Amino acid sequence: QVQLVEFGGGLVQAGGSLRLSCAASGRTANSYSLGWFRQAPGKEREFVAAISRSGSTTYYADSVQGRFTISRDNAKNTVYVQMSSLKPEDTAVYYCAATGWESGSILMKISAMTYWGKGTLVTVSS
C-alpha cells in the first residue's frame, strides 16, 4: 500500500512558475514509478509527466514538453514537477500517481496507475 499526498498548488499568473511535490509513504514507496496527471474542469483526466522507478527515464505529454520537469528524490520518497511558462490552459487539479511498472510508455496511461493522491489545484490566470 502506498499513500500519496500532493503539495504546492495555488494561483499563479500566466508565464509564471510553480513546483508541485508529492510525498509517498509506505514501506515500498521507492519501488514504484510515479506520475503526474491533471484534470481540468469539464475535461477528462490526462497524463502530464512520469518518471521511472530509478529516476533514469522521464516521460512528458506533448503539451508540457519543454516547460515541465519531473524529478524524484528516493531518499525523501518524493516526486516533484517543476512547471514553468505556465498557461491558462494548465489550470487543473494535478494528481500524483504510482504504479508498479518499472518504465516504458505504459507509465503514461491512467489505467496503469495503482495508487492516487487526492490532488492539488493549480490555477493560472491570464
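From a predicted model like this one, the values you see are computed outputs, not experimental measurements.
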Self-check item: Considering all heavy atoms, the nearest Pro41-Thr91 contact
Solution: CD-O, 4.3 Å
Practice problem: In sequence, state the C-alpha distance, the side-chain angles, and the governing distance for Ile51 and Val79, and then conclude on side-chain contact (heavy atoms from CB on, under 4.5 Å). | Solution: CA-CA 9 Å; Ile51 188 165; Val79 61; 4.0 Å; yes
Quiz item: Looking at Thr58 and Ile70, what are the two nearest heavy atoms and their distance?
Solution: CG2-CG2, 3.7 Å
Self-check item: Verdict with reasoning, Leu20 to Met83, per side-chain contact (heavy atoms from CB on, under 4.5 Å)
Solution: CA-CA 8 Å; Leu20 304 182; Met83 307 185 293; 3.7 Å; yes
Exercise. Applying side-chain contact (heavy atoms from CB on, under 4.5 Å), run through Trp36 and Glu6 and close with a yes or a no.
Key: CA-CA 10 Å; Trp36 288 95; Glu6 301 94 341; 3.8 Å; yes
Quiz prompt | Nearest atoms (heavy-atom pairs only) where Ser126 meets Ala14 | solution = CA-CB, 4.3 Å
Practice problem: Carefully, step by step, assess Phe37 and Trp116 under the rule ring-ring contact (aromatic ring centres under 6.0 Å, His included). | Solution: CA-CA 10 Å; Phe37 295 76; Trp116 291 87; 5.1 Å; yes
Quiz prompt | Nearest-0.5 Å distance, OG of residue Ser17 to CD of residue Gln82 | solution = 6.0 Å
Quiz item: Backbone N or O of Gly104 within a donor-acceptor pair of the Tyr59 side chain at under 3.5 Å?
Solution: yes
Practice problem: Say whether, by atom type as modelled, one donor and one acceptor occur between the side chain of Ser33 and the main chain of Arg53 under 3.5 angstrom. | Solution: yes
Quiz item: Between the side chains of Ser125 and Gln13, does any donor sit under 3.5 Å from an acceptor?
Solution: no
Practice problem: Would you confirm whether the ring centroid of Tyr115 sits within less than 6.0 angstrom of the ring centroid of Tyr32? | Solution: yes
Quiz item: Closest approach of Leu4 and Ala98, non-hydrogen atoms and distance?
Solution: CD1-N, 3.8 Å
Practice problem: For Thr120 and Gly9, indicate whether the former's side chain and the latter's backbone hold a donor-acceptor pair under 3.5 Å. | Solution: yes
Quiz item: Does the distance from a Lys or Arg side-chain N to an Asp or Glu carboxylate O, for Arg38 and Glu46, drop under 4.0 Å?
Solution: yes
Practice problem: Might you point out which heavy atoms bring Lys118 and Tyr95 nearest each other, and give the distance in Å? | Solution: O-CE2, 3.4 Å
